[in-house]
Each structure stands twice: as C-alpha cells, then as structure tokens.
Amino acid sequence: MARQPASNLFYQSRGRRPLVAEARGVYIWDVDGKRYLDGSSGAMVANIGHSNERVLAAMRAQMDKATFAYRLHFENEPAERLATATAQRMPEGLNRVFFVSGGSEAVESCIKLARQHALAVGQERRWKVISRFPSYHGSTLGALALTGMDVMSEPFAPMMRQMPKVPAPTCYLDRDGLTHEARGLRYADMLRDKILAEGPETVLAFIMEPVGGAATGALVAPDSYYARIAEICREFGILLILDEVMTGAGRTGRFLAGGHWGLKPDIVAFSKGFAAGYAPLGAMVAHERIVEPVLASGGFVHGYTYAGNPLACAAGLAVLEEIEREGLCENAGLMGARLKEELEGLKARYPFIGDVRGKGLLLAFELVSDTATMEPLPPEMDAHVHLVEEAYARGLIIYSRRTRGGRTGDHFMVCPPLIVTQEHIGEIMEKLVASLDAFAARFGLPVGNG
C-alpha cells in the first residue's frame with residue numbers, strides 16, 4: 001500500500017485506510033489498484049451498489065437546475081416527488097414526510113415530533129421514550145439517550161437525560177426451557193412492566209429496530225414479540241416508533257422490515273439505504289394524525305438546513321426507482337436466504353461461531369468461547385477487530401461491533417448490496433473462510449473439517 005502523508009482529518013481512531021479510487025457495483029478499488037468486495041455495503045448503506053449510472057444521471061440533471069434551495073424560501077420538485085413516493089411505500093396513514101440528512105437526525109426528529117404531539121393534545125406529562133438494551137439509535141445527544149450501548153453513552157452521561165431501557169429480545173442467549181414464541185412474549189411483556197414502573201401517564205413512546213443493527217448484530221425477535229409489542233403500545237396509548245434507518249429500503253426483503261410482521265407504527269425513522277450513499281438523506285415519516293395537531297398548534301419546532309435538499313432528494317427518488325426496477329427487495333430475500341444458509345454451514349467447521357442470524361441481506365454471525373453457554377470470547381482478544389482485518393487484507397469488507405452492550409461479545413455483519421448475485425456470495429464465502437482460518441490459527445482456536 002502506498003504510504004499516505006499525514007492527514008488533517010481525524011475520525012474515531014489513529015488507524016488509516018488506503019485512499020479510495022473508484023467504486024462500481026459491489027466492488028471498491030483503492031489507489032494501488034486493489035479490489036475489495038463491499039460485503040457490508042459500507043455501514044449497510046450502499047443498497048443498490050456503487051456508481052449506478054441511472055442514479056448518477058438523475059443527480060447530474062438536477063445539478064443543472066439547482067443544488068440547494070432553503071426550505072423556508074422555496075419548495076422543490078424532487079422533494080415533493082420523493083415525499084409522495086415514500087408515503088406510497090408506507091403503511092396506511094403514514095403519509096407525512098420530513099426530510100433530514102441522516103439516521104441520527106431522523107431519530108431526533110421522531111422523538112421531537114412525538115413530544116410536540118403530546119403537548120398539542122394536552123398530554124404534557126408524557127416525555128419518556130423507552131428503548132432497548134442493547135440498541136443503537138444514533139450519536140446525537142437525543143438519539144444517544146435512547147441508545148443502549150454504554151461505551152458510547154457513558155462519556156456524555158452528565159450532558160443528557162438517559163431514557164428508560166428494556167432488554168432486547170436476545171433469545172439466542174437464553175437457557176430457560178421456554179419455547180421460542182414464549183420467549184418472545186416474555187420479552188415483550190418486559191415493556192409492559194417497564195411502562196407500569198415508570199408510570200403510564202409519563203411514557204411517550206417506545207422505539208425499536210425491527211431487526212437489530214450494529215448493537216445486536218441483525219437480531220430478529222420471535223414472531224410473537226412484534227404483535228405483543230404493538231398491543232402493549234395500544235393499551236397505554238403510547239406511540240410506536242420504528243427505527244428503520246438500517247433495515248429500510250429493502251434490506252430485509254421488504255421495503256420496511258416492520259412489514260414482515262404487519263407492524264403499523266406511528267412514526268418511522270428512515271435513512272442509509274434511502275439514498276444508498278449517493279447523497280446524505282434520511283426521513284421521518286409520521287401518521288397524519290400525529291402531524292396535524294402539531295401543525296395546528298403552531299408548527300413543528302424543529303429543522304435542518306439541508307432538509308429536503310433538491311440534489312439529495314433527486315438521488316433518493318432515483319434510488320427508489322432503481323429498487324423497484326431491479327426487484328431488489330425480492331433479490332434481498334432470495335440472496336439473503338442463500339447467504340444465511342452458507343453462513344450457517346460455517347458452524348460445522350468453526351465451533352467458535354455461536355449464532356447466525358438476520359433477515360434478508362441484514363445478516364450477522366457471533367463468535368463465542370463456548371456454544372453451550374454462549375460465553376463470549378475474552379474481550380482482550382479483540383476478535384471484532386482482528387477478523388475484520390483478516391478479511392480486509394483479503395479484499396473483503398465486513399462490519400463488526402461488540403454485542404453485549406458494546407463491551408464484550410463479537411459479531412460480524414455480512415450485508416452486501418442488494419444487487420448481490422450467487423457468484424458474489426461464492427466470493428464472499430471464499431474470502432471469509434480464508435479469513436476465519438487465519439483468525440483461528442492466530443489465536444489457537446479449533447477448526448473442524450466441515
């Protein structure tokens with residue numbers, strides 16, 4: 001790799017990566033010509049692949065017209081068209097769209113709208129938003145207060161008010177003798193218990209990722225969980241907010257992951273695959289019965305400079321059209337099932353793979369030291385770092401985080417673009433096997449003949 005000069009940029013650590021040269025389809029090349037298969041779609045963003053010509057053409061056409069128009073001065077056609085197209089893909093009644101630049105902004109917008117709705121309808125005592133632990137909802141202070149990941153929130157604890165948490169439905173760790181569906185109901189009823197403990201009159205909303213993201217590694221609850229959660233929210237008049245930032249735009253095989261279980265949320269946060277990395281874009285989509293009282297009471301006290309940016313919205317509209325034109329929701333379901341089967345097959349060869357989970361092309365596997373107890377690998381091993389590096393060295397990009405609140409546990413997300421083919425899956429698995437072999441050899445972990 002060519003030596004890079006000192007940089008004025010900084011991000012999360014001192015580590016450096018090679019400079020990117022170009023990206024096309026599922027591949028990215030660095031300036032030295034090395035090719036990488038983007039096995040995580042960046043951070044589960046590049047849903048339609050890189051450098052799609054139809055999307056780029058739509059963006060060029062918009063550049064020739066206008067790249068910025070402040071929303072308090074002008075409306076713009078791309079934003080209007082994208083709002084209509086987005087509402088058409090939502091559950092009935094979710095037809096009011098508020099554009100933002102990313103996932104954290106989308107979540108912030110959701111909780112602010114929920115609170116202003118409570119004020120508008122005379123429920124001033126409602127302000128608590130219950131979320132799950134572990135979970136990830138964003139890095140701004142409002143979204144971070146919902147996030148169940150201690151390593152991210154603890155440094156800023158004096159600066160914000162933490163929101164109540166209930167356990168995420170990590171049924172794969174349970175050894176309680178219950179059926180899978182009974183566990184789902186047990187976890188859902190923890191929400192009811194928390195509402196009663198907090199005082200129902202003070203609880204504003206419950207927010208969850210329908211399929212877990214970075215904090216839980218593609219965690220899917222039992223089917224029983226989802227219907228019971230919706231029932232509990234209705235019982236207490238609490239708003240149901242779905243964080244579809246990572247799951248939306250077809251990643252799980254449906255346009256919204258909540259659609260797998262027929263969920264009808266009050267508000268949805270949406271980003272990442274929405275513009276698929278072509279421009280910073282996200283949205284809050286809310287039911288009209290939530291928005292109208294807020295507007296009638298003086299307006300939504302909230303906003304962002306780039307909300308409804310015409311260039312970003314032109315990109316988003318072209319991405320939605322590409323998802324439909326290429327049948328990418330369907331391909332995510334089909335290829336996701338094949339990739340998951342391949343990942344499941346690794347468990348026979350690598351006894352330190354404790355769980356494979358996910359839906360569609362939002363998939364992950366978790367490493368453990370003992371599959372009987374699901375005891376995680378020693379945290380000082382830094383498995384979540386080393387396996388990623390082994391894969392990166394072989395030209396495969398995967399995404400890792402720590403599963404147990406950000407401190408222990410190691411999961412790896414394998415989430416290629418929705419344009420992935422069977423041949424790409426073969427390449428992913430070949431590189432992943434080589435990476436796991438090298439990782440196992442480095443730490444003296446057992447490898448079988450599977």
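Thr202 places no side-chain N or O within 3.5 Å of a backbone atom of Arg126 that could act as its donor or acceptor partner. The main-chain N or O of Asp223 is never found under 3.5 Å from a side-chain atom of Arg228 such that the two would form a donor-acceptor pair. No donor-acceptor distance shorter than 3.5 angstrom exists from the side chain of Arg357 to the backbone of Val220, with no hydrogens or angles considered. Glu108 places a side-chain N or O within donor-acceptor distance of the main-chain N or O of Gly142, the cut-off being under 3.5 Å. For the pair Asn309 (side chain) and Ala312 (backbone), a donor-acceptor distance under 3.5 Å is present. For the pair Asn331 (side chain) and Glu326 (backbone), a donor-acceptor distance under 3.5 Å is absent. Asp189 contributes no side-chain N or O that, together with a main-chain N or O of Arg192, makes up a donor-acceptor pair within less than 3.5 Å. Remark: the backbone N or O of Thr421 is paired with a side-chain donor or acceptor of His424 at under 3.5 angstrom. In this structure, Thr86 contributes its side chain and Leu82 its backbone to a donor-acceptor pair below 3.5 Å. In this structure, the side chain of Arg132 does not engage the main chain of Ile207 through any donor-acceptor pair within 3.5 Å.
Minimum heavy-atom separation, Leu256 to Gly248: CD2-CA, 4.4 Å. The shortest heavy-atom contact between Asp370 and Ala372 is OD1-N, 2.8 Å. Residues Val100 and Ala283 come closest through the heavy atom pair CG2-N, 3.6 Å. Closest approach of Leu418 to Ala332, counting heavy atoms only: CD2-CB, 4.0 Å. Taking every heavy atom of both residues into account, Ala221 and Pro169 meet most closely at CB-CG, 3.6 Å. Between Leu204 and Ala118, the shortest heavy-atom distance links the atoms CD1-CB, 3.7 Å.
Partners of Glu181 by side-chain hydrogen bond (donor to acceptor under 3.5 Å, both in side chains), not counting sequence neighbours, listed by chain and number: Ser224. For the ring pair (Phe, Tyr, Trp, His ring centres under 6.0 Å) test, no residue two or more places apart in sequence or in another chain qualifies with Tyr187. Remark: Phe300 engages Phe98, His302 in a ring pair (Phe, Tyr, Trp, His ring centres under 6.0 Å) (not counting sequence neighbours). With sequence neighbours excluded, no residue forms a ring pair (Phe, Tyr, Trp, His ring centres under 6.0 Å) with Tyr399. Not a single ring pair (Phe, Tyr, Trp, His ring centres under 6.0 Å) links Phe99 to another residue, sequence neighbours left out.
Taking CD1 from Ile419 and NE2 from His50, the interatomic distance works out to 8.0 Å, rounded to the nearest 0.5 Å. The distance from atom CG of Leu146 to atom CD1 of Ile130, rounded to the nearest 0.5 Å, is 11.0 Å. Note that CZ of Phe365 is 7.0 Å distant from CG of Leu346, once rounded to the nearest 0.5 Å. One distance of note links CE of Met284 with CG of Leu113; it measures 4.5 Å at 0.5 Å rounding. The CD1 atom of Ile398 sits 11.5 Å away from the CG atom of Leu37 when rounded to the nearest 0.5 Å.
Residues Ser369 and Leu377 have side chains in contact (heavy-atom distance under 4.5 Å, counting atoms from C-beta outward). At a threshold of 4.5 Å between non-hydrogen side-chain atoms, the residues Asp410 and Val385 do not count as touching. With a 4.5 Å cut-off on side-chain heavy atoms, Ile353 and Leu367 count as touching. Residues Met152 and Leu144 have side chains in contact (heavy-atom distance under 4.5 Å, counting atoms from C-beta outward). Within the 4.5 Å cutoff, no side-chain heavy atoms of Pro134 are placed close to those of Thr403. Counting heavy atoms from C-beta outward, His287 and Ile267 have side chains that stay 4.5 Å or more apart. Residues Thr247 and Leu242 have side chains not in contact (no heavy-atom distance under 4.5 Å, counting atoms from C-beta outward). Between Met163 and Ile111 the shortest side-chain heavy-atom distance does not fall below 4.5 Å.
Under the salt bridge (Lys or Arg N to Asp or Glu O under 4.0 Å) criterion, the residue pairs touching residues 136-162 are Glu154-Arg407, with sequence neighbours excluded. Listed by first and then second residue, the ring-ring contact (aromatic ring centres under 6.0 Å, His included) pairs involving residues 206-249 are Tyr226-Trp261 (not counting sequence neighbours). Each salt bridge (Lys or Arg N to Asp or Glu O under 4.0 Å) pair with one or both residues in residues 57-78, not counting sequence neighbours, appears once here: Glu53-Arg60. For residues 283-309, every residue pair satisfying the salt bridge (Lys or Arg N to Asp or Glu O under 4.0 Å) rule, not counting sequence neighbours, is listed here: Arg96-Glu292, Asp266-Arg289. Legend: salt bridge (Lys or Arg N to Asp or Glu O under 4.0 Å) pairs involving residues 201-212, not counting sequence neighbours, sorted by first then second residue: Arg125-Glu201. For the ring-ring contact (aromatic ring centres under 6.0 Å, His included) condition, no pair includes a residue of residues 121-152, sequence neighbours left out.
For Lys264, the NZ atom counts as loosely surrounded, since its 6.0 Å shell holds 12 or fewer non-hydrogen atoms of other residues, nucleotides or ligands. The number of heavy atoms from other shown groups lying within 6.0 Å of OH (Tyr70) is above 12. Residue-environment remark: CD (Glu341) stays at or below the threshold of 12 foreign heavy atoms within 6.0 Å. For Tyr306, the OH atom counts as loosely surrounded, since its 6.0 Å shell holds 12 or fewer non-hydrogen atoms of other residues, nucleotides or ligands. Atom CD of Gln422 has more than 12 neighbouring heavy atoms from other residues, nucleotides or ligands inside a 6.0 Å radius.
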Side-chain donor-acceptor pairs of residues 269-276 under 3.5 Å, sequence neighbours excluded:
| from | atom 1 | to | atom 2 | distance (Å) |
| --- | --- | --- | --- | --- |
| Ser271 | OG | Gly103 | N | 3.4 |
| Ser271 | OG | Leu281 | O | 2.8 |
| Lys272 | NZ | Ala43 | O | 3.0 |

Arg16 vs Ser7, side chain to side chain donor-acceptor pair (under 3.5 Å): CA-CA, chis, key distance, verdict: CA-CA 9 Å; Arg16 301 295 302 277; Ser7 175; 4.5 Å; no
Full working for side chain to side chain contact (heavy atoms under 4.5 Å, CB included) between Val356 and Leu363: CA-CA 7 Å; Val356 174; Leu363 299 171; 5.9 Å; no
Side chain to side chain contact (heavy atoms under 4.5 Å, CB included) between Tyr36 and Val20, intermediate numbers included: CA-CA 10 Å; Tyr36 304 80; Val20 64; over 6 Å; no
Step-by-step side chain to side chain contact (heavy atoms under 4.5 Å, CB included) determination, Val414 to Glu342: CA-CA 11 Å; Val414 186; Glu342 295 277 1; over 6 Å; no
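Looking at Arg234 and Glu231, no side-chain N of the basic residue comes within less than 4.0 Å of a carboxylate O on the acidic one, giving no salt bridge. Taking a cutoff of 4.0 Å between a charged side-chain nitrogen and a carboxylate oxygen, Arg402 and Asp382 qualify as a salt bridge. The residues Glu244 and Arg254 are annotated as not salt-bridged, no charged nitrogen and carboxylate oxygen being separated by less than 4.0 angstrom.
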